[in-house]
Amino acid sequence: EVQLVESGGGLVQPGGSLRLSCAASGFTFSSYAMSWVRQAPGKGLEWVSGINNRGDSTTDADSVKGRFTMSRDNAKNMLYLQMNSLKPEDTAVYYCALKQIAGPGYDSWGQGTQVTVSS
């Protein structure tokens, strides 16, 4: 059974930083690219960042480019999202997401972790 468990969210002031973590199990983590997606209140899912299976290539949404850095530790089955220079519009529930089956969307995600950016 695929299991993804996000952690590290919280309340932070604008300009602050947070580091999110995702613990993965139930699949061969090192074989798959992973993504972080988020859902702001009243909004749909927004893709934030992606990383290839090796962890040597990342891509970011324009909204977070230069501020967020995704990484992974395949030996520990861990995924990370370092978030710097946070803005109120970054407020959302953040999910790590896995795609294993061809087609649109994602196949698995965790329970999410809440990030609130407010002064």
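In this chain, residues are counted from 1 in sequence order.
The backbone N or O of Q100 sits less than 3.5 Å from a side-chain atom of D107, completing a donor-acceptor pair. Of the possible polar contacts, none joining the T91 side chain to the T116 backbone as a donor-acceptor pair under 3.5 Å is found. Under the 3.5 Å distance criterion, the side-chain polar atoms of W47 are matched with a main-chain donor or acceptor of S49. Of the possible polar contacts, none joining the N53 side chain to the A33 backbone as a donor-acceptor pair under 3.5 Å is found. Under a 3.5 Å cut-off, the side chain of N52 and the backbone N or O of D56 do form a donor-acceptor pair. K99 contributes a side-chain N or O that, together with a main-chain N or O of G105, makes up a donor-acceptor pair within less than 3.5 Å. Not one N or O on the side chain of R54 forms a donor-acceptor pair closer than 3.5 Å with the backbone of S31.
Looking at Y106 and V37, their side chains come closer than 4.5 Å, going by heavy atoms from C-beta outward. A heavy-atom distance below 4.5 Å is found between the side chains of L20 and T113. Side-chain contact between L18 and V115 is present, with at least one heavy-atom pair separated by less than 4.5 Å. Within the 4.5 Å cutoff, side-chain heavy atoms of S63 are placed close to those of E46.
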Determine, step by step, whether T28 and S30 satisfy the side chain to side chain contact (heavy atoms under 4.5 Å, CB included) criterion, reporting the C-alpha distance in whole Å, the side-chain angles of both residues, the deciding distance to 0.1 Å, and the verdict. CA-CA 6 Å; T28 306; S30 61; 4.0 Å; yes
Q. Stepwise, does the side chain to side chain contact (heavy atoms under 4.5 Å, CB included) test hold for N84 with F68?
A. CA-CA 6 Å; N84 299 324; F68 291 11; over 6 Å; no
**Message:** As a quick check of understanding, evaluate side chain to side chain contact (heavy atoms under 4.5 Å, CB included) for D90 and R38, giving each step before the final call.
**Reply:** CA-CA 9 Å; D90 295 319; R38 66 186 182 186; 3.0 Å; yes
TODO: Walk me through it: do M83 and Y94 pass the test side chain to side chain contact (heavy atoms under 4.5 Å, CB included)?
DONE: CA-CA 11 Å; M83 306 187 296; Y94 284 71; 3.9 Å; yes
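The aromatic rings of F27 and Y32 sit perpendicular to each other, their planes meeting at more than 60°, with 30° as the lower class boundary.
Here the closest non-hydrogen pair linking F29 and A24 is CD1-CB, 3.5 Å. For G50 against S35, the heavy-atom pair with the smallest separation is CA-OG, 4.1 Å. Among all heavy-atom pairs drawn from S17 and S85, the shortest one is OG-N, 4.3 Å. Between L4 and E6, the shortest heavy-atom distance links the atoms O-OE1, 3.8 Å. Heavy atoms only, all atoms of each residue included: W36 and Y80 are closest at NE1-O, 3.2 Å. Taking every heavy atom of both residues into account, P14 and S118 meet most closely at CD-C, 3.6 Å.
Note on V48 and V12: same hydrophobic cluster, where clusters join Ile, Leu, Val, Met, Phe, Trp and Tyr whose side-chain heavy atoms are under 4.5 Å apart, directly or indirectly. No chain of hydrophobic side-chain contacts below 4.5 Å, direct or via other Ile, Leu, Val, Met, Phe, Trp or Tyr residues, connects Y95 to I51. There is a path of hydrophobic side-chain contacts, each under 4.5 Å, that joins M34 to V2.
For the atom pair CG of L79 and OG of S21, the computed distance is 8.5 Å after rounding to the nearest 0.5 Å. Between atom OG1 of residue T58 and atom CE of residue M70 there is a gap of 8.5 Å, rounded to the nearest 0.5 Å.
Salt-bridge formation is not detected for the pair D60/R67: no Lys NZ or Arg NE/NH1/NH2 atom is positioned less than 4.0 Å from an Asp or Glu carboxylate oxygen.
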